[in-house]
Amino acid sequence: MTLENLLKGEKTVSIYRQGAFVDLCRGPHIEKTSQIKAFRLNKLSGSYWLGDAKNEPLQRVYGLCFSTKDELVNYEKMIEEAKKRDHRLIAKQQKLFTWREEGPGFPFMLPKGRTLFNLLVEYNRRKNAARGYVEIATPQMLIEDLWKISGHADYYRDNMYFSTVDERLYAIKPMNCPGAMLLYKEERKSYREFPLRVAEFGLVHRHELSGVLHGMFRVRAFTQDDAHVYCSMEGLKAEIKDIVDYTLEVYKDFGFNDFVIYVSTRPEKAIGDPEVWERATAMLKESLDEKGIAYKIKEGEGAFYGPKIEFNVKDCIGRQWQLGTAQVDFFLPERFGLEYIGADGANHRPAMVHRAIFGSLERFIGILIEHTMGAFPVWLAPLQVKVLPITDLQNDYAKSLLKSLIAAGVRAEIDDSSERVQKKIRNAQLEKTPYMLVIGAREAEAGKAAVRLRTGIDLGAMTLDEFLQGLHAVESARSNELWPGLQDKGGDIPAQ
RNA sequence: GCCGACGUAGCUCAGUGGUAGAGCAGCUGAUUCGUAAUCAGCAGGUCGUGAGUUCAAUCCUCACCGUCGGCUCCA
């Protein structure tokens with residue numbers, strides 16, 4: 001690659017100069033290096049001439065610079081803060097999930113992590129049902145031909161897992177849609193059934209490049225809170241609006257109140273008629289416009305089969321995470337020959353929207369961990385209560401209390417080791433257990449429990465009923481508070 | 001996949017060309033204690049895997065696997 005063919009077809013070339021340094025660059029550059037008051041070289045990576053792996057490798061050195069030293073210090077503090085929230089470390093401390101060499105990129109869910117996962121599914125199922133969704137499940141692997149029809153085998157072959165059984169080639173599903181298409185065709189559909197909202201908690205496998213794996217944020221197997229919504233062209237916009245409402249409602253339940261929304265348009269590698277793309281993209285924009293929701297455009301970032309709305313949230317330290325998407329798809333219905341009978345008695349092609357709100361449940365769990373620093377709100381805490389007898393004279397009473405808690409649907413454990421309460425509290429605290437029920441002779445005698453919150457607040461002795469009332473109140477409100485009337489953001493745990 | 005670093009007990013880490021150690025966790029015993037670590041003892045590792053160099057490799061070399069930080073990618 002030479003400068004000559006690099007510049008082929010370019011009409012304008014920009015050159016920047018800093019003292020003796022002259023750079024051919026798209027820019028912009030700062031005027032003079034004296035404007036930089038603080039800098040740090042912080043990253044090193046391999047790169048390629050023009051970003052193409054076929055070209056010669058280069059070393060790239062990254063630096064940060066700021067106009068004041070304070071800004072640099074603040075930035076570095078933020079990085080430190082982010083490190084303390086690393087979901088991989090917190091998951092290890094709280095025994096949520098783990099990784100093994102035997103399955104690189106495949107999460108192993110431990111009991112507490114699976115509890116959290118199940119709570120998300122439970123939450124989602126209830127919401128789906130209330131919004132008129134039905135739920136299906138499609139097979140984990142389907143014959144390769146199906147993936148040729150859907151286009152996935154052409155576009156993502158290198159990222160798919162295959163298996164040959166009985167001399168037939170099967171692909172492990174990287175997406176749920178083709179299976180869903182088959183189920184749509186199971187029976188003839190009528191316009192009277194529309195909008196048809198079909199959800200699936202689909203476990204998909206995608207062979208991601210080894211270098212991109214990163215905790216729960218980038219895995220090779222994950223569960224989508226997927227859904228396919230089928231409707232008429234006329235009904236499409238209403239469905240998109242419904243999905244937007246639904247999505248934002250969910251994020252608020254999890255304490256994400258700051259959203260950034262993007263509309264991603266047609267990529268270079270796409271199937272279908274550009275005109276259809278244009279219409280679908282316009283429809284997405286109109287839906288957001290009509291709801292008065294601000295959005296930005298990501299040019300060429302859509303999926304190969306359709307444009308999408310991407311929902312990003314900001315966490316409590318300002319980082320942005322992409323969660324859900326809503327994607328219009330006119331192509332799969334066509335490729336699979338989906339039809340419905342309209343009011344006119346004729347066959348029509350339905351419009352379809354793919355949507356996911358959490359996106360990947362595994363990834364969402366990772367984001368939740370970093371957002372809350374592992375101090376989950378009561379309704380999501382895999383362990384809500386730790387019962388702590390002070391001496392083993394209280395063990396029997398403490399165990400009966402534990403039994404009552406569990407019977408009342410509370411996620412509770414007991415620490416009846418022969419350690420001192422200080423140690424038991426410390427351990428429960430490090431696991432960020434919302435409630436510690438300290439049981440001494442006084443409580444056992446009075447049939448009560450001394451309630452300590454993980455924030456260090458001691459609520460004093462109360463009866464089981466009083467405790468359950470408070471717990472259930474904050475739980476059912478999906479509150480960030482630990483106790484009714486107490487201001488507690490859940491994240492302000494004293495440093496260990 | 002690419003660039004770079006790393007891989008020692010369940011976890012966090014120390015250490016050496018002559019086959020390894022601590023703290024925590026675990027187990028046993030003692031202690032029975034009031035809101036962030038009680039004491040003692042025991043047990044625990046073919047030093048990621050394979051090959052090479054060497055009288056001798058956990059240590060040096062190479063390959064592979066995995067992890068971490070970036071790049072690229074993320075239907």
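Lettering of chains follows the sequences in order, A, B, ..., and the numbering in each one begins at 1. As the structure is a prediction and not an experimental result, all values here were calculated from the model. Just the heavy atoms: all of them, side chains too, but no hydrogens, waters or symmetry mates, feed the values below.
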Nucleotide N/O to protein N/O under 3.5 Å, stretch nucleotides 41-51 of chain B:
none

### Message
Measuring centre to centre across the rings, with the benzene-like ring taken for any Trp, is A:H152 within less than 6.0 Å of A:F304?
### Response
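Yes: the rings meet the under 6.0 Å criterion.
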### Query
Strictly under 6.0 Å, is that where the ring centroids of A:Y435 and A:F467 end up?
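Yes, close enough.
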Taking the [atom1] atom in each of [N] and [M], what is the distance between them to the nearest angstrom?
{"N": "B:A22", "M": "B:U49", "atom1": "C1'", "answer": "27 Å"}
{"N": "B:C6", "M": "B:C13", "atom1": "P", "answer": "15 Å"}
{"N": "B:A57", "M": "B:U8", "atom1": "C1'", "answer": "14 Å"}
{"N": "B:A37", "M": "B:A20", "atom1": "P", "answer": "37 Å"}
{"N": "B:A9", "M": "B:U46", "atom1": "C1'", "answer": "14 Å"}
{"N": "B:G23", "M": "B:G41", "atom1": "P", "answer": "10 Å"}
{"N": "B:U38", "M": "B:C65", "atom1": "C1'", "answer": "44 Å"}
{"N": "B:C27", "M": "B:G10", "atom1": "C1'", "answer": "14 Å"}

Rounded to the nearest angstrom, tell me the gap between atom [atom1] in [X] and atom [atom2] in [N].
{"X": "A:R218", "N": "B:G1", "atom1": "CZ", "atom2": "P", "result": "13 Å"}
{"X": "A:L388", "N": "B:A36", "atom1": "CG", "atom2": "C1'", "result": "12 Å"}
{"X": "A:H152", "N": "B:C74", "atom1": "NE2", "atom2": "C1'", "result": "13 Å"}
{"X": "A:L209", "N": "B:G66", "atom1": "CG", "atom2": "P", "result": "13 Å"}
{"X": "A:L213", "N": "B:G69", "atom1": "CG", "atom2": "C1'", "result": "14 Å"}

### Query
With A:E413, which of A:K424, A:K112, A:K399 fulfils salt bridge (Lys or Arg N to Asp or Glu O under 4.0 Å)?
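Of the listed residues A:K424, A:K112, A:K399, the salt bridge (Lys or Arg N to Asp or Glu O under 4.0 Å) partner of A:E413 is A:K112.
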### Query
Going by the angle between their ring planes, with limits at 30° and 60°, are A:F106 and A:H205 parallel, tilted or perpendicular?
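Answer is tilted, since the angle falls between 30° and 60°.
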Suppose we define a pair by two distances each less than 3.5 Å, Watson-Crick or G-U wobble; what does [N] pair with here?
{"N": "B:A22", "result": "B:U12"}
{"N": "B:G17", "result": "none"}
{"N": "B:C64", "result": "B:G48"}
{"N": "B:U53", "result": "none"}
{"N": "B:U28", "result": "B:A40"}

### Task
Counting heavy atoms from C-beta on, name the nucleotide in B:A37, B:C74, B:U72 closest to the side chain of A:V212.
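Of the options given, the side chain of A:V212 lies nearest B:U72.
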### Per A:M175 side chain, nearest of listed nucleotides B:G1, B:A75, B:U12
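Minimum distance to the A:M175 side chain belongs to B:A75.
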So [X], base contact, sugar-phosphate only, or nothing? Heavy-atom distance under 4.0 Å.
{"X": "A:P174", "result": "base"}
{"X": "A:K92", "result": "sugar-phosphate"}
{"X": "A:K308", "result": "sugar-phosphate"}
{"X": "A:N159", "result": "base"}
{"X": "A:R100", "result": "nothing"}
{"X": "A:H214", "result": "sugar-phosphate"}
{"X": "A:R88", "result": "sugar-phosphate"}

### Query
Which pairs pass salt bridge (charged side-chain N to carboxylate O under 4.0 Å, His left out) with one or both residues in residues 98-107 of chain A, sequence neighbours excluded?
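Matches after skipping sequence neighbours: A:R100-A:E102.
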Anything under 3.5 Å between a donor and an acceptor, one on a side chain of residues 351-363 of chain A, the other on a protein residue two or more places apart or in another chain? List them.
{"from": "A:H354", "atom 1": "ND1", "to": "A:H228", "atom 2": "NE2", "distance (Å)": "3.3"}
{"from": "A:H354", "atom 1": "NE2", "to": "A:D329", "atom 2": "OD2", "distance (Å)": "2.9"}
{"from": "A:R355", "atom 1": "NH1", "to": "A:Y133", "atom 2": "OH", "distance (Å)": "3.1"}
{"from": "A:R355", "atom 1": "NH2", "to": "A:D225", "atom 2": "O", "distance (Å)": "3.2"}
{"from": "A:S360", "atom 1": "OG", "to": "A:E362", "atom 2": "N", "distance (Å)": "3.3"}
{"from": "A:S360", "atom 1": "OG", "to": "A:R363", "atom 2": "N", "distance (Å)": "3.0"}
{"from": "A:E362", "atom 1": "OE1", "to": "A:T223", "atom 2": "N", "distance (Å)": "2.7"}
{"from": "A:E362", "atom 1": "OE2", "to": "A:T223", "atom 2": "N", "distance (Å)": "3.4"}
{"from": "A:E362", "atom 1": "OE2", "to": "A:T223", "atom 2": "OG1", "distance (Å)": "2.9"}
{"from": "A:R363", "atom 1": "NH2", "to": "A:Q322", "atom 2": "O", "distance (Å)": "2.4"}

### Nearest-nucleotide comparison on RNA chain B, the residue closer to the 5′ end among A:D392 and A:F217
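Result: A:D392.
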#### Entry: Nearest-nucleotide comparison on RNA chain B, the residue closer to the 5′ end among A:G103 and A:E301
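Of the two residues, A:G103 wins.
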For residues 172-181 of chain A, please give each side-chain donor-acceptor pair under 3.5 Å, one per line with the distance, not counting sequence neighbours.
{"from": "A:K173", "atom 1": "NZ", "to": "A:T138", "atom 2": "O", "distance (Å)": "3.2"}
{"from": "A:K173", "atom 1": "NZ", "to": "A:T138", "atom 2": "OG1", "distance (Å)": "3.2"}
{"from": "A:K173", "atom 1": "NZ", "to": "A:N176", "atom 2": "OD1", "distance (Å)": "3.0"}
{"from": "A:K173", "atom 1": "NZ", "to": "A:E200", "atom 2": "OE2", "distance (Å)": "3.0"}
{"from": "A:N176", "atom 1": "ND2", "to": "A:Q224", "atom 2": "OE1", "distance (Å)": "3.0"}
{"from": "A:N176", "atom 1": "ND2", "to": "A:D226", "atom 2": "OD2", "distance (Å)": "2.8"}

Output one line per pair: protein atom, nucleotide atom from nucleotides 33-35 of chain B, and distance, for all N/O pairs under 3.5 Å.
{"from": "B:C33", "atom 1": "N4", "to": "A:S418", "atom 2": "O", "distance (Å)": "3.3"}
{"from": "B:G34", "atom 1": "O6", "to": "A:A441", "atom 2": "N", "distance (Å)": "3.1"}
{"from": "B:G34", "atom 1": "O6", "to": "A:R442", "atom 2": "N", "distance (Å)": "3.1"}
{"from": "B:G34", "atom 1": "N1", "to": "A:E443", "atom 2": "OE1", "distance (Å)": "2.7"}
{"from": "B:G34", "atom 1": "N1", "to": "A:E443", "atom 2": "OE2", "distance (Å)": "3.3"}
{"from": "B:G34", "atom 1": "N2", "to": "A:E443", "atom 2": "OE1", "distance (Å)": "3.3"}
{"from": "B:G34", "atom 1": "N2", "to": "A:E443", "atom 2": "OE2", "distance (Å)": "2.6"}
{"from": "B:U35", "atom 1": "O2", "to": "A:R452", "atom 2": "NE", "distance (Å)": "2.8"}

Excluding sequence neighbours, so at least two apart, what forms salt bridge (Lys or Arg N to Asp or Glu O under 4.0 Å) with [X]?
{"X": "A:D86", "answer": "A:R88"}
{"X": "A:K403", "answer": "none"}
{"X": "A:D415", "answer": "none"}

### Query
Less than 5.5 Å between centroids and less than 30° between ring planes, does A:Y156 satisfy that with B:A75?
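Answer is yes, a stack.
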### Query
Which residues satisfy the ring-ring contact (aromatic ring centres under 6.0 Å, His included) test with A:W321, sequence neighbours excluded?
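Expected list: A:F217.
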### Task
Could I get the full list of side-chain contact (heavy atoms from CB on, under 4.5 Å) partners for A:T463, not counting sequence neighbours?
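Partners of A:T463 by the side-chain contact (heavy atoms from CB on, under 4.5 Å) criterion, ordered by chain and then number, come out as A:K448, A:D465, A:E466.
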### Query
Looking only at N and O atoms, is any donor in the side chain of A:R206 or the base of B:C74 less than 3.5 Å from an acceptor on the other one?
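Absent.
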### Message
Strictly by side chain to side chain donor-acceptor pair (under 3.5 Å), give each pair with a member in residues 259-277 of chain A just once, sequence neighbours left out.
### Response
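Those involving residues 259-277 of chain A are A:Y262-A:Q320, A:S264-A:E310, A:T265-A:E299.
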### Query
For RNA chain B, which residues in residues 106-114 of chain A have a heavy atom at a distance below 4.0 Å?
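Close to the strand, none.
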### Pair A:Y397-A:E443, side-chain donor/acceptor within less than 3.5 Å
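On atom types as modelled, these side chains do not qualify, holding no pair under 3.5 Å.
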